[in-house]
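Below is one structure, written out as structure tokens, with a few remarks after it.
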Amino acid sequence: SSGINAEYGHVTNVGFDAIKALPEKDTNDSAVYVETLLSIYRQFSEVVKRSFDNHPSFVASLDKACRKVVNENPVNKGGTKSPELLAKFCDLLLKKGTKNLEEAELEEKLNQIIIIFKYVDVKDVFQKFYSKMLARRLIHGTSYSDDAESIMIGGLKQACGFEYTSKLQRMFTDMTLSIDINDKFKESLTKDGVNPLGKLDFSILVLTAGSWPVQAQPSSFNVPQELEKCIDLFQGWYNSQHQGRRLNWLHHLSKGEVRACYLKKPYEFQVTNYQMGVLLLFNSGESSGGGKGYTVLTMDDIMRLSNLKDTELVRTLESLVESKLLRKQPDDSDYQASHEFSLNLGFASKRLKNKIAGALQKETRTQNDETYKGIDDDRKLFLQAAIVRIMKARKIHTHVNLIQEVIEQAKARFQPNIPMIKKCIEHLIEKEYLQRVDGETDRYSYVA
């Protein structure tokens with residue numbers, strides 16, 4: 001027993017010291033942080049195997065120590081940093097990129113990540129970040145391989161059960177169904193022998209609202225004329241196939257390709273729908289010299305013509321100026337209604353195909369904060385549902401026992417704090433799901 005306690009204390013100290021030794025800038029670097037945790041696990045797992053022949057008591061002690069290091073290290077304040085960085089490291093591995101591992105190495109690395117994941121106390125934080133990043137990989141087509149994605153989801157399912165991964169799996173189902181939808185739509189377009197879209201190539205992803213962590217933004221965006229016909233034709237066809245379904249267009253997640261005809265080379269640009277909307281404005285209107293198309297537009301003009309509002313408009317214009325597709329006057333980092341924008345006629349690049357959309361597909365600080373707000377909202381709903389389930393079964397319950405049962409039901413996902421549970425109880429009393437037993441302050445009854 002003293003040997004086991006010594007092992008537990010030693011692993012914990014070494015783990016805490018390793019995390020403390022990370023430079024400040026690396027505490028937000030998912031690769032450095034997770035690799036540090038993995039190296040601690042691998043180092044001591046090897047010792048337990050070699051010196052103690054994986055004796056169950058030593059394995060259990062190592063697990064306990066690793067759980068403490070993952071959840072209570074100095075970087076993991078509030079218990080959310082470990083799951084957040086673990087999900088971001090998965091995204092790094094599962095995204096197409098320059099540093100992709102060989103299939104066998106990647107599988108090994110994902111299996112090790114699942115081991116660290118099992119030690120994480122707040123699994124709902126990981127789930128939220130992971131599902132958002134998976135959605136982004138699938139929508140933008142940046143996933144390294146379906147096999148690697150399946151390995152990871154399989155590991156999560158094994159660790160937490162079917163319900164934890166059910167939405168992730170439904171996202172894959174939607175991707176498969178979308179291929180079939182596109183084929184059928186394109187078949188319907190050409191059945192008379194003439195394609196009404198001409199040479200325009202158009203494909204669509206139909207995502208089930210409840211399964212994807214994406215919001216239909218209340219957007220007033222004016223869809224470019226060039227895309228209106230595609231959207232109208234698809235909407236008409238889809239409605240004829242499915243009664244009672246409503247399509248919400250997610251323009252902030254859509255992208256397309258445009259070709260520049262005003263430069264020395266036939267450059268192609270992959271852009272978001274918002275970027276496309278702004279660029280295509282230069283095709284419309286009359287220029288001051290009497291030719292076709294605007295030569296200069298103020299930010300106010302662009303806002304009026306595209307109907308993009310404040311933050312989205314500035315982000316879109318910034319990305320087009322940074323990628324040197326547009327020129328801005330005055331040439332500074334401030335964006336005012338009177339500032340002027342024009343096409344950069346001297347644009348040059350070594351590549352004929354350029355990806356301009358990438359800058360707008362990265363997660364912003366605001367989106368990170370929104371993810372945490374979403375986690376908080378999900379927790380409240382989870383606790384309310386747990387309270388109603390327990391009270392429905394018990395009919396009458398004391399305050400203390402109700403709180404204990406709720407904590408027990410939630411602990412596989414997160415550690416709820418008692419004030420949050422009390423707030424949820426009060427909310428359910430207001431909504432008349434429960435009531436206090438007459439004359440008793442610490443007993444509740446279920447309202448059928």
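Positions are given from 1 along the sequence.
- Phe117 and Phe126 have tilted rings, their planes meeting at an angle from 30° to 60° on a 0 to 90° scale.
- Put simply, the side chain of Thr142 never gets that close to the backbone of Leu138: no donor and acceptor are under 3.5 Å apart.
- A donor atom on one side chain and an acceptor atom on the other are found under 3.5 Å apart for Asn368 and Lys88.
- Here the side chain of Asn13 pairs a donor or acceptor atom with the backbone of Gly9 at under 3.5 angstrom.
- Figure legend: cation-pi geometry between Arg413 and Phe382, with NZ or CZ positioned under 6.0 Å from the six-membered ring centre and within 45° of its axis.
- Under a cutoff of 6.0 Å and an axis angle of 45°, Lys392 and Tyr446 do not form a cation-pi pair.
- Judged purely by distance below 3.5 Å, without hydrogens or angles, the side chains of Lys81 and Asn28 pair a donor atom with an acceptor atom.
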**Prompt:** Between Gln404 and Glu408, is a side chain to side chain donor-acceptor pair (under 3.5 Å) present by the stated rule, with each step listed?
**Reply:** CA-CA 6 Å; Gln404 278 176 342; Glu408 190 57 35; over 6 Å; no

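- Remark: the backbone N or O of Glu163 is paired with a side-chain donor or acceptor of Ser166 at under 3.5 angstrom.
- In the model, Tyr41 has no side-chain atom that pairs as donor or acceptor with a side-chain atom of Asp63 under 3.5 Å.
- Ring geometry, Tyr238 versus His242: the interplanar angle falls from 30° to 60°, so the pair is classed tilted.
- Between Phe44 and His10, the angle of the ring planes goes over 60°, which puts this pair in the perpendicular group of the 30/60° scheme.
- Note that the OG1 atom of Thr398 and the CG atom of Asp442 stand 6.5 Å from one another [nearest 0.5 Å].
- Ring-centre distance between Phe129 and Phe89: not below the 6.0 Å cut-off.
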**Item:** Audit row: His339, Leu317, side chain to side chain contact (heavy atoms under 4.5 Å, CB included) steps and yes/no
**Value:** CA-CA 11 Å; His339 289 183; Leu317 288 172; over 6 Å; no

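- Salt-bridge check for Glu35 with Lys109: passed, with a basic side-chain N closer than 4.0 Å to an acidic carboxylate O.
- For the pair Phe221/Lys309, no side-chain contact is recorded, criterion being any heavy-atom separation below 4.5 Å from C-beta on.
- At a threshold of 4.5 Å between non-hydrogen side-chain atoms, the residues Ile390 and Gln409 count as touching.
- Considering all non-hydrogen atoms of both residues, Ser45 and Leu62 come closest at CA-CD2, 3.7 Å.
- Going from atom CD of Glu405 over to atom CG of Leu402 covers 7.5 Å, rounded to the nearest 0.5 Å.
- Checked by atom type and distance alone, the side chain of Asn354 never pairs as donor or acceptor with a backbone atom of Gln270 at under 3.5 Å.
- Atom CE of residue Met133 and atom SG of residue Cys90 lie 8.5 Å apart, to the nearest 0.5 angstrom.
- Using a distance-only test at 3.5 Å, with no hydrogens or angles considered, a donor-acceptor pair links the side chain of Asn76 to the main chain of Val70.
- A donor-acceptor pair is defined here as one N or O able to donate and one able to accept, closer than 3.5 Å; such a pair exists between the side chain of Asn71 and the backbone of Asp121.
- Taking a cutoff of 4.0 Å between a charged side-chain nitrogen and a carboxylate oxygen, Lys328 and Asp332 qualify as a salt bridge.
- Residues satisfying the side-chain contact (heavy atoms from CB on, under 4.5 Å) test with Met303, not counting sequence neighbours, are Asp310, Leu313.
- Gln415 CD: more than 12 foreign heavy atoms inside a 6.0 Å radius.
- Residues Asp377 and Lys373 are paired through a salt bridge, judged by an N-O separation under 4.0 Å between the basic side chain and the carboxylate.
- Heavy atoms from other residues, nucleotides or ligands lying under 6.0 Å from CG of Asp331 number 12 at most.
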**Request:** Applying side chain to side chain contact (heavy atoms under 4.5 Å, CB included), run through Asp300 and Ser338 and close with a yes or a no.
**Result:** CA-CA 6 Å; Asp300 202 38; Ser338 61; over 6 Å; no

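- With 3.5 Å as the limit, one finds a donor-acceptor pair spanning the side chains of His399 and Tyr444.
- Distance check, rounded to the nearest 0.5 Å: CG of Leu308 to NE2 of His251 gives 10.5 Å.
- No more than 12 heavy atoms of other residues, nucleotides or ligands lie within 6.0 Å of CD1 in Ile418, so this atom counts as exposed by the packing criterion.
- Side-chain contact, Tyr372 with Glu84: a donor N or O sits under 3.5 Å from an acceptor N or O.
- With respect to the salt-bridge test (charged N to carboxylate O, under 4.0 angstrom), the residues Arg137 and Glu149 qualify.
- Using a distance-only test at 3.5 Å, with no hydrogens or angles considered, a donor-acceptor pair links the side chain of Asn307 to the main chain of Ser220.
- Environment of CD in Glu102: sparse, with no more than 12 heavy atoms of neighbouring residues, nucleotides or ligands closer than 6.0 Å.
- Salt bridge Glu426/Lys422: absent, no basic N to carboxylate O contact under 4.0 Å.
- Atom CZ of Phe162 is separated from atom CD of Gln169 by 6.0 Å, given to the nearest 0.5 angstrom.
- In summary, the side chains of Gln275 and Thr316 do not present any donor paired with an acceptor at a separation below 3.5 Å, with no hydrogens or angles considered.
- Using a distance-only test at 3.5 Å, with no hydrogens or angles considered, a donor-acceptor pair links the side chain of Asp29 to the main chain of Ala31.
- Tyr33 and Ser82 share a donor-acceptor pair across their side chains, judged by distance under 3.5 Å alone.
- Atom CZ of Arg259 has 12 or fewer heavy atoms from other residues, nucleotides or ligands within 6.0 Å.
- Taken to the nearest 0.5 Å, the NE2 atom of His397 stands 11.0 Å off from the CD1 atom of Ile387.
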**Message:** Evaluate Ile139 against Val214 for side chain to side chain contact (heavy atoms under 4.5 Å, CB included), listing each step before the verdict.
**Reply:** CA-CA 11 Å; Ile139 290 168; Val214 294; 4.2 Å; yes

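- Under the 3.5 Å distance criterion, with hydrogens and angles disregarded, no donor-acceptor pair is assigned to the side chains of Ser150 and Asp147.
- Applying the 6.0 Å contact sphere to NZ of Lys77 captures no more than 12 heavy atoms from other residues, nucleotides or ligands.
- Asn222 and Ser306 form no side-chain donor-acceptor contact under 3.5 Å, judged by distance and modelled atom types alone.
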**Request:** Start with the C-alpha gap between Arg436 and Arg443, add the side-chain angles, then the distance that decides, and say whether side chain to side chain contact (heavy atoms under 4.5 Å, CB included) holds.
**Result:** CA-CA 6 Å; Arg436 287 192 170 82; Arg443 273 154 72 85; over 6 Å; no

